[in-house]
Protein chains: 2
Amino acid sequence: MSEKNPHIHCQDCSMSELCLPHHLDPQGLERLDTIIQRHKPLHKRDVLIRAGAPLKWLYAVRSGSLKSYIIDEHGREQIIDFHLPGDLVGFDALSTGQHRSFAQSLETTMLCEIPIDSLDDLAVQLPALRRQMLRLMSDELFNGKQLVNTLNNRTAPQRLAFFLYSLSQRFAARGLSASSFRLTMTRADIASYLGLSVETVSRILSSLQDQSIIRVEQKLVHIDNITGLMEAAG
Amino acid sequence: MSEKNPHIHCQDCSMSELCLPHHLDPQGLERLDTIIQRHKPLHKRDVLIRAGAPLKWLYAVRSGSLKSYIIDEHGREQIIDFHLPGDLVGFDALSTGQHRSFAQSLETTMLCEIPIDSLDDLAVQLPALRRQMLRLMSDELFNGKQLVNTLNNRTAPQRLAFFLYSLSQRFAARGLSASSFRLTMTRADIASYLGLSVETVSRILSSLQDQSIIRVEQKLVHIDNITGLMEAAG
DNA sequence: CGATACTTTGACAACCGTCAACTTTGGTGG
DNA sequence: CCACCAAAGTTGACGGTTGTCAAAGTATCG
């Protein structure tokens with residue numbers, strides 16, 4: 001790598017524990033780092049992945065955030081996930097070799113680009129990498145299933161409280177503030193993800209604020225009573 | 001394998017195309033078959049997997065059916081999936097090495113038992129097996145995400161029509177009748193899976209019958225108007 | 001054959017989606 | 001830098017869908 005074009009390496013990346021490098025020895029880390037490309041920064045609203053496109057790379061979020069969505073038979077966008085730093089994007093394409101959902105940047109976002117063929121080759125040689133890939137997929141799989149239940153069996157206020165709480169936990173796992181963060185997605189995105197209407201999302205945010213559980217300033221959320229939030233989540 | 005105790009082999013199993021053997025060459029198939037054990041038959045209500053138990057085997061359903069569920073903080077059972085022949089059970093445990101959900105037999109059920117360590121060893125040597133494992137996980141992952149949306153954005157009648165339609169498709173993919181099948185799960189199981197009350201499930205089944213879309217005789221369902229069912233699913 | 005689990009049907013109320021109006025924010029071009 | 005307009009967000013009123021409670025009917029299992 002040239003001195004003129006310095007990149008962050010897996011060895012120095014603060015997200016490595018959440019990402020593919022987890023539990024890799026220094027030698028394995030080095031080899032993984034070699035196959036990983038750095039993608040040019042995405043601007044807000046850039047579309048990274050389109051459904052139907054052939055799978056060539058998995059992406060790891062280094063900073064920023066994205067939303068994944070599918071377009072239903074009526075042409076409406078349905079949010080299926082939000083991706084934060086350390087998350088891998090693209091696993092759902094391993095099945096058909098084609099992406100099945102879209103991924104769009106919610107803000108300026110930095111990504112690592114992992115060629116899927118090289119990753120497969122390397123996984124054969126590194127058991128720890130293999131295990132971590134399976135672990136990440138397995139987690140995503142279980143989270144998806146659990147989410148169905150979480151949403152199905154909860155009222156609108158419980159869903160939103162759950163959403164905020166789980167975002168808070170995810171930020172904390174990334175070394176960021178659990179009590180104060182920015183919602184990079186719109187209320188409509190949240191509504192779609194939780195299966196609610198925009199109006200309901202807005203009303204409940206106001207209501208949680210009235211209960212002194214959170215404070216909302218546009219996109220900014222402060223959690224003032226995390227216990228209250230957990231209780232509100234059911 | 002002894003003559004006295006003849007077992008079905010992967011080579012002869014009618015579910016192999018849906019299962020791990022998919023796209024394996026004869027030699028690979030042979031090797032896979034060697035590591036697979038046949039589990040003793042489960043009776044109705046037998047619990048195959050308990051959350052928290054260490055992951056030792058993945059299971060492939062050869063015949064019969066199971067439900068997967070988690071137990072929520074209030075001790076209530078939440079159904080997260082139903083497993084039919086050809087399905088693999090246990091992927092959600094790859095993350096922690098411990099099972100995270102329960103699996104219980106809904107009827108007499110025959111299973112193959114695949115030691116996870118041997119499977120990992122074999123996957124290193126057989127790219128086609130590796131690809132099929134990832135494909136199965138990726139499919140399950142995407143289905144889970146899609147299900148969230150399907151349920152979130154649909155009314156109760158649409159959810160139930162969707163459920164019946166998707167069961168019908170799954171039976172068809174297994175060479176069984178798409179228009180006539182037995183619901184091995186209870187109404188309460190369906191309700192939990194779809195996020196509805198038992199009463200609503202019961203009412204809607206009656207309503208779909210009144211519309212001559214299906215006929216219901218206890219556990220037996222006949223689909224008389226598959227187009228109507230698809231439309232009812234939204 | 002009895003007990004228990006499962007299923008169906010009815011009545012009612014509440015939750016939340018829809019429609020509508022308005023305010024605020026953010027981006028674009030002059 | 002400001003003006004403008006579209007997009008995003010908020011708040012209110014209303015009605016339908018669906019959960020809850022209740023009760024009766026039916027299958028299943030020991």
Side-chain angles (χ1 to χ4, degrees), chain A residues 43-46 67 74 76-79 104-108 149 151-164 182-210 214-221 232 234, chain B residues 43-46 67 74 76-79 104-108 149 151-164 182-211 214-221 232-234:
Chain A
H43 299 114
K44 188 172 177 176
R45 271 184 269 278
D46 281 354
K67 63 178 178 182
H74 308 294
R76 282 177 314 197
E77 189 179 302
Q78 312 265 22
I79 308 292
Q104 185 178 20
S105 178
L106 294 168
E107 61 187 314
T108 302
N149 275 279
L151 299 183
N152 265 344
N153 297 287
R154 283 170 216 267
T155 64
Q158 288 175 323
R159 292 185 199 194
L160 199 52
F162 166 82
F163 175 71
L164 292 175
R182 212 166 60 85
L183 299 174
T184 54
M185 67 294 289
T186 66
R187 306 285 194 267
D189 289 336
I190 299 174
S192 167
Y193 182 65
L194 297 178
L196 303 171
S197 66
V198 190
E199 294 90 331
T200 300
V201 169
S202 181
R203 265 187 267 270
I204 293 170
L205 285 176
S206 303
S207 152
L208 287 171
Q209 181 158 241
D210 292 346
I214 62 173
R215 268 171 301 138
V216 186
E217 299 163 12
Q218 288 103 250
K219 299 270 181 191
L220 234 60
V221 172
Chain B
H43 300 114
K44 189 172 177 173
R45 271 184 268 277
D46 281 354
K67 63 178 178 183
H74 307 294
R76 281 177 317 196
E77 187 178 302
Q78 312 266 23
I79 306 292
Q104 185 178 20
S105 179
L106 295 168
E107 61 188 313
T108 302
N149 276 278
L151 298 183
N152 264 344
N153 297 288
R154 284 173 216 269
T155 63
Q158 289 175 323
R159 292 185 198 194
L160 198 52
F162 166 83
F163 176 71
L164 293 174
R182 211 166 61 84
L183 299 174
T184 54
M185 68 294 289
T186 66
R187 304 286 193 265
D189 289 335
I190 299 174
S192 167
Y193 182 64
L194 296 178
L196 302 171
S197 66
V198 191
E199 294 91 331
T200 300
V201 168
S202 181
R203 265 187 267 271
I204 292 170
L205 285 175
S206 304
S207 151
L208 287 171
Q209 181 158 243
D210 292 345
Q211 300 167 57
I214 61 173
R215 269 170 301 138
V216 186
E217 298 163 13
Q218 287 103 250
K219 298 271 182 190
L220 234 59
V221 173

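First the proteins, then the strands, lettered A, B, ... as listed; each starts at 1.
Arg182(B) is linked by a side chain to side chain contact (heavy atoms under 4.5 Å, CB included) to Glu107(B), Thr184(B), Lys219(B), Leu220(B), counting only residues two or more places apart in sequence or in another chain. Gln218(A) meets the side chain to side chain contact (heavy atoms under 4.5 Å, CB included) test with no other residue; sequence neighbours excluded. With sequence neighbours excluded, no residue forms a salt bridge (charged side-chain N to carboxylate O under 4.0 Å, His left out) with Glu199(A). For Asn153(B), the side chain to side chain donor-acceptor pair (under 3.5 Å) partners are Gln78(A), not counting sequence neighbours. Scored by the salt bridge (charged side-chain N to carboxylate O under 4.0 Å, His left out) test, Arg154(A) finds Glu73(B) as partners (sequence neighbours excluded). Not counting sequence neighbours, the partners of Thr155(B) by the side chain to side chain donor-acceptor pair (under 3.5 Å) test are Gln158(B). By the side chain to side chain donor-acceptor pair (under 3.5 Å) test, Ser207(A) is found to be paired with Gln211(A), residues two or more places apart in sequence or in another chain being considered.
Distance OG1/Thr108(A) to NZ/Lys44(A): 9.0 Å, rounded to 0.5 Å. Expressed to the nearest 0.5 Å, how far CZ of Arg203(B) lies from CZ of Arg187(B) amounts to 14.0 Å. If you take CG on Asp210(B) and CG on Leu205(B), they are separated by 11.0 Å, rounding to the nearest 0.5 Å. Note that CD of Gln104(B) is 12.5 Å distant from CE of Met185(B), once rounded to the nearest 0.5 Å.
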Are any protein N/O atoms closer than 3.5 Å to N/O atoms in nucleotides 14-21 of chain C? If there are, list each pair with its distance.
unit_1	atom_1	unit_2	atom_2	d
dC16(C)	OP1	Ala156(A)	N	2.7
dG17(C)	OP2	Ser197(A)	N	3.2
dG17(C)	OP2	Ser197(A)	OG	3.0
dG17(C)	OP2	Thr200(A)	OG1	2.6
dT18(C)	O4	Arg203(A)	NH2	3.0
dC19(C)	N4	Glu199(A)	OE2	3.1

Check nucleotides 23-25 of chain C for protein N or O atoms closer than 3.5 Å to its own N or O atoms and list the pairs.
none

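In terms of heavy atoms, Gln209(B) sits closest to Val216(B) at OE1-N, 2.8 Å.
If you find the closest nucleotide of DNA chain D to Arg45(B) and to Leu205(A), the one lying nearer the 5' end belongs to Leu205(A).
If you measure from atom CG of Leu106(B) to atom P of dC6(C), you get 12 Å, rounded to the nearest angstrom. The separation between Met185(B) atom CE and dA5(C) atom C1' is 18 Å, rounded to whole Å.
Axis angle, first five pairs versus last five pairs of the helix from dC1(C)-dG30(D) to dG30(C)-dC1(D): 60°, rounded to 10°.
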Which atom pairs, donor and acceptor, lie under 3.5 Å between side-chain atoms of residues 188-197 of chain A and protein residues at least two apart or in another chain?
unit_1	atom_1	unit_2	atom_2	d
Asp189(A)	OD1	Lys67(A)	NZ	3.1
Asp189(A)	OD2	Thr186(A)	N	3.2
Asp189(A)	OD2	Thr186(A)	OG1	3.3
Ser192(A)	OG	Ile79(A)	N	2.9
Ser197(A)	OG	Thr200(A)	N	3.3
Ser197(A)	OG	Thr200(A)	OG1	2.9

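Once you apply a 4.0 Å limit to the heavy atoms of chain B, the touched nucleotides of DNA chain D run 5' to 3' over dT18(D) to dC29(D).
Using a 4.0 Å heavy-atom distance criterion, Ser202(A) is classed as a base contact.
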